[in-house]
Amino acid sequence: MVTALLVIPAVRASGMDLHWLWHDRCAACHGHSSDFARKFLGVSGGELQGRHHVHDLRRFLHTHYLSGHEVDAVYTMLLAQVNTQPRFKNECSSCHDTAAAFVRDSLELRDGVLFSRNTQRPVRRFLEHHRALNQDDIEFFIDALTRVVHEVHRP
């Protein structure tokens with residue numbers, strides 16, 4: 001006898017993990033959110049635009065499997081992905097999987113500071129001695145991972 005497993009989305013406080021939400025509702029057709037965003041979306045005048053939905057991307061998201069309160073959150077996530085170089089994917093994923101998976105499994109935010117769940121140390125201190133990263137690299141990864149923390153562990 002085969003028993004089906006119930007997959008429950010990761011939920012922190014009242015917000016749903018946006019990366020889980022994308023995977024559940026969008027990935028089958030559109031793939032990974034950051035790959036989709038960088039390939040098919042652009043930014044004009046600070047607004048996210050799609051190739052087919054140039055001026056109404058939020059309305060499209062609302063009618064495309066997202067509830068009203070998730071539309072702005074997914075829109076903001078996609079906008080950030082368009083504006084962020086895929087450095088985590090290119091430089092870190094061979095050891096750490098996706099940024100969202102890494103955040104879910106390994107990081108937490110305490111008073112605005114990223115910490116490793118494993119070592120209980122600030123991530124910045126670890127990065128200072130990781131792969132010969134310079135200060136600009138460290139700032140990039142701290143900013144990117146902090147953004148992903150807010151997307152995964154939403155208030």
Side-chain angles (χ1 to χ4, degrees), residues 9-27 30-51 53-55 57-58 60-62 64 66-155:
V11 177
R12 302 287 190 257
S14 63
M16 184 175 289
D17 177 336
L18 294 176
H19 294 268
W20 178 89
L21 183 66
W22 179 274
H23 179 77
D24 183 62
R25 301 202 183 147
C26 311
H30 302 298
H32 190 276
S33 60
S34 65
D35 294 337
F36 172 79
R38 291 182 187 112
K39 185 173 181 179
F40 296 106
L41 302 176
V43 179
S44 179
E47 291 294 315
L48 189 61
Q49 296 181 337
R51 291 180 182 173
H53 303 280
V54 176
H55 301 293
L57 191 57
R58 278 189 175 95
F60 174 76
L61 289 172
H62 181 70
H64 208 68
L66 294 174
S67 62
H69 68 281
E70 301 298 346
V71 168
D72 283 336
V74 169
Y75 177 94
T76 300
M77 176 184 77
L78 294 171
L79 178 62
Q81 290 172 335
V82 168
N83 288 318
T84 303
Q85 293 294 319
R87 291 188 59 190
F88 190 93
K89 179 180 179 180
N90 296 340
E91 299 173 38
C92 308
S93 65
S94 63
C95 294
H96 300 295
D97 198 11
T98 66
F102 179 62
V103 162
R104 268 187 224 107
D105 296 340
S106 304
L107 302 181
E108 61 189 17
L109 198 60
R110 296 186 211 154
D111 297 322
V113 177
L114 277 178
F115 279 83
S116 163
R117 284 193 182 136
N118 185 35
T119 67
Q120 300 299 309
R121 292 180 47 208
V123 172
R124 179 179 300 279
R125 286 198 350 223
F126 174 77
L127 290 178
E128 289 170 352
H129 306 285
H130 187 61
R131 298 188 60 210
L133 297 174
N134 65 38
Q135 193 58 39
D136 290 339
D137 296 332
I138 293 168
E139 292 306 319
F140 173 85
F141 287 114
I142 291 292
D143 290 347
L145 291 169
T146 299
R147 175 183 57 79
V148 175
V149 166
H150 288 290
E151 295 165 354
V152 169
H153 305 299
R154 291 176 51 222

**Message:** So, using side chain to side chain donor-acceptor pair (under 3.5 Å) as the criterion, who are the partners of Ser93 when residues are at least two apart?
**Reply:** none

**Request:** For residues Ala37 and Leu78, report the shortest heavy-atom separation together with the two atoms involved.
**Result:** CB-O, 3.8 Å

**Asked** Should we count NE2 of His32 as having more than 12 external heavy atoms under 6.0 Å?
**Response** yes

**Item:** Side-chain heavy-atom pair Arg104, Asp17 within 4.5 angstrom cut-off
**Value:** yes

**Request:** Answer yes or no: are there more than 12 heavy-atom neighbours, outside Gln85 itself, under 6.0 Å from its atom CD?
**Result:** no

**Complete:** In short, Ile142 meets Leu114 closest at the heavy-atom pair O-CD1, 3.9 Å

**Prompt:** Which heavy atom of Pro122 sits nearest a heavy atom of Val113, and at what distance?
**Reply:** CB-CG1, 4.3 Å

**Message:** Under the rule for ring pair (Phe, Tyr, Trp, His ring centres under 6.0 Å), what residues qualify as partners of Phe115, not counting sequence neighbours?
**Reply:** none

**Prompt:** Is a side-chain donor or acceptor of Arg154 paired with a backbone partner of Met16 at a separation under 3.5 angstrom?
**Reply:** yes

**Request:** Enumerate the residue pairs fulfilling side-chain hydrogen bond (donor to acceptor under 3.5 Å, both in side chains) with a member in residues 71-81, sequence neighbours excluded, ordered by first and then second residue.
**Result:** Ser33-Gln81, Glu47-Tyr75, Arg58-Asp72

**Asked** Can Leu107 and His153 be said to form a side-chain contact (heavy atoms from CB on, under 4.5 Å), step by step?
**Response** CA-CA 10 Å; Leu107 302 181; His153 305 299; over 6 Å; no

**Asked** Who passes side-chain contact (heavy atoms from CB on, under 4.5 Å) against Asn134, sequence neighbours left out?
**Response** Asp136, Asp137

**Asked** Listed by chain and number, what are the side-chain contact (heavy atoms from CB on, under 4.5 Å) partners of His30, not counting sequence neighbours?
**Response** Trp22, Cys26, Phe36, His64

**Set of residues satisfying side chain to side chain donor-acceptor pair (under 3.5 Å) with respect to Ser94, sequence neighbours excluded** = none

**Message:** Measuring only between side-chain heavy atoms, which start at C-beta, is Val103 closer than 4.5 Å to His19?
**Reply:** no

**Fill in**
CG of Leu21 to CD of Glu70, rounded to nearest 0.5 Å, is 5.5 Å

**Item:** Backbone N/O of Glu91 and side chain of Arg131: donor-acceptor pair under 3.5 Å
**Value:** yes

**Request:** Please list, chain by chain and in numerical order, all residues satisfying side chain to side chain donor-acceptor pair (under 3.5 Å) with Arg124, sequence neighbours excluded.
**Result:** Glu139

**Item:** Selection residues 82-101 - residue pairs positive for ring-ring contact (aromatic ring centres under 6.0 Å, His included), sequence neighbours left out
**Value:** Phe88-Phe102, His96-Phe102

**Item:** With sequence neighbours excluded, residues passing salt bridge (Lys or Arg N to Asp or Glu O under 4.0 Å) with Glu108
**Value:** Arg110, Arg117

**Prompt:** How close do Val123 and Ser116 get, heavy atom to heavy atom, and via which atoms?
**Reply:** CG2-N, 3.8 Å

**Asked** With sequence neighbours left out, which residue pairs that include part of residues 128-148 fulfil the ring-ring contact (aromatic ring centres under 6.0 Å, His included) condition?
**Response** Phe126-His130

**Item:** Pairwise distance CG(Asn83) to CZ(Arg147) - rounded to 0.5 angstrom
**Value:** 9.5 Å

**Asked** Under 4.5 Å between any side-chain heavy atoms of Leu41 and Leu79, yes or no?
**Response** no

**Prompt:** Closest approach of Glu128 and Ile138, non-hydrogen atoms and distance?
**Reply:** CA-CD1, 3.7 Å

**Complete:** Residue pairs meeting side-chain hydrogen bond (donor to acceptor under 3.5 Å, both in side chains), one or both in residues 35-46, sequence neighbours left out, come to Ser34-Arg38, Asp35-Lys89

**Message:** Once side-chain contact (heavy atoms from CB on, under 4.5 Å) is applied, do any residues pair with His62, and if so which ones, sequence neighbours excluded?
**Reply:** Val71

